[in-house]
Amino acid sequence: LEHLRALPLEAAKEELMRFKGVGPKTASCVLVYCMGKEDFPVDAHVWKMAIALGWVPPGCSREAAYAHLNRTVPDELKYDLHLLLQEHGKAFGNACGELREKMDLLAGPVDVEAEYAALPRRTVGHAVNHVRR
C-alpha cells in the first residue's frame, strides 16, 4: 500500500475503500495513523461528542458528520482533536451531552465548576499524554 502515500487524499481513500469491509472510518484511520495524511476519522466517540457539542446537526449520521467535520476542522488540528475527542468519549461517555441538556433546561446561570466536579472521573491526563506522544 506504499503507493498510496503519493496519491492525493481522496484518491488514496477511494483506493482503500475498494477493499471489502473498508469504509470511510477505517480508510481515514489508515490514512491518518499509518500514512500521516490530514483527515479526521469519525468513530462512535467522536461522532457522539460532535453531536453533543453542536458541531453537527442533531440526528446527523456518522458518515455525514465525517464529511462535515473534514470540511470544517482545520488540517493542522485534525489529528490532535480526533485523539482528544476519542479519549474524552472513552473516559466520560456522553457527559458533555448531559451537561449541555442541563444548561439548556436551566433559566439561570449554570455553576459550571459544580457540574464539572460532578462528572465521573477517570484520568484526563491519559488523553493529554496520549496526544503528546
Side-chain angles (χ1 to χ4, degrees):
L1 296 176
E2 283 299 315
H3 71 282
L4 297 178
R5 291 184 191 276
L7 295 178
L9 179 68
E10 289 303 316
K13 195 180 308 178
E14 287 175 20
E15 181 77 18
L16 285 169
M17 291 189 339
R18 288 184 21 202
F19 292 98
K20 183 179 179 177
V22 175
K25 185 194 84 161
T26 301
S28 183
C29 287
V30 169
L31 293 170
V32 168
Y33 294 122
C34 299
M35 301 194 172
K37 300 271 188 181
E38 294 173 335
D39 205 38
F40 193 70
V42 176
D43 62 11
H45 295 295
V46 173
W47 177 43
K48 289 176 184 176
M49 291 295 300
I51 291 171
L53 291 168
W55 292 355
V56 295
C60 184
S61 71
R62 197 166 79 185
E63 290 76 18
Y66 168 74
H68 176 76
L69 291 169
N70 266 289
R71 282 191 310 272
T72 57
V73 174
D75 285 344
E76 65 273 10
L77 299 178
K78 287 179 177 177
Y79 180 79
D80 290 339
L81 182 59
H82 168 75
L83 290 179
L84 284 172
L85 290 176
Q86 187 179 51
E87 290 298 319
H88 182 84
K90 288 178 186 176
F92 298 106
N94 196 29
C96 179
E98 293 167 9
L99 179 58
R100 185 182 173 114
E101 287 173 16
K102 288 180 184 178
M103 291 171 66
D104 289 344
L105 293 175
L106 295 174
V110 174
D111 184 350
V112 174
E113 288 181 14
E115 291 288 342
Y116 181 75
L119 292 173
R121 291 283 181 249
R122 286 197 213 166
T123 66
V124 177
H126 177 267
V128 173
N129 290 333
H130 187 66
V131 170
R132 289 183 183 155
R133 284 187 212 151

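Since this is a predicted model, take the numbers as computed values, not measurements. Quick note: residue numbers are just sequence positions, from 1.
Residue K48 holds its NZ atom at 10.0 Å from CZ of R62, rounded to the nearest 0.5 Å. Taking CG of L81 as the start and CE of M49 as the end, the distance is 9.5 Å to the nearest 0.5 Å. Between the CG atom in L16 and the CG atom in L1 there is a gap of 6.0 Å [rounded to 0.5 Å]. From R71, atom CZ reaches atom CZ of F40 across 13.5 Å, with rounding to the nearest 0.5 Å. The structure places CD of E14 at 11.5 Å from CG of L4, a figure rounded to the nearest 0.5 Å. A distance of 10.5 Å separates CD of E38 from CG of N70, quoted to the nearest 0.5 Å.
For the pair W55 (side chain) and T72 (backbone), a donor-acceptor distance under 3.5 Å is absent.
Hydrophobic clustering keeps L9 apart from L77 (ILVMFWY residues linked when any side-chain heavy atoms are closer than 4.5 Å, directly or through intermediates).
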Which atom pairs, one a donor and one an acceptor, fall under 3.5 Å between side chains of residues 20-36 and the rest of the protein, sequence neighbours left out?
{"from": "S28", "atom 1": "OG", "to": "D39", "atom 2": "OD2", "distance (Å)": "2.6"}
{"from": "Y33", "atom 1": "OH", "to": "H82", "atom 2": "NE2", "distance (Å)": "2.8"}

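Minimum heavy-atom separation, I51 to C60: CD1-O, 4.0 Å. The nearest pair of heavy atoms linking A65 to W47 is CB-CD1, 3.7 Å.
Residues H45 and L85 fail the side-chain proximity criterion, which asks for heavy atoms closer than 4.5 Å.
Residues satisfying the side-chain contact (heavy atoms from CB on, under 4.5 Å) criterion with P8, sequence neighbours excluded, are A11. Taking R18 as the reference, E15 meet the salt bridge (Lys or Arg N to Asp or Glu O under 4.0 Å) condition, with sequence neighbours excluded.
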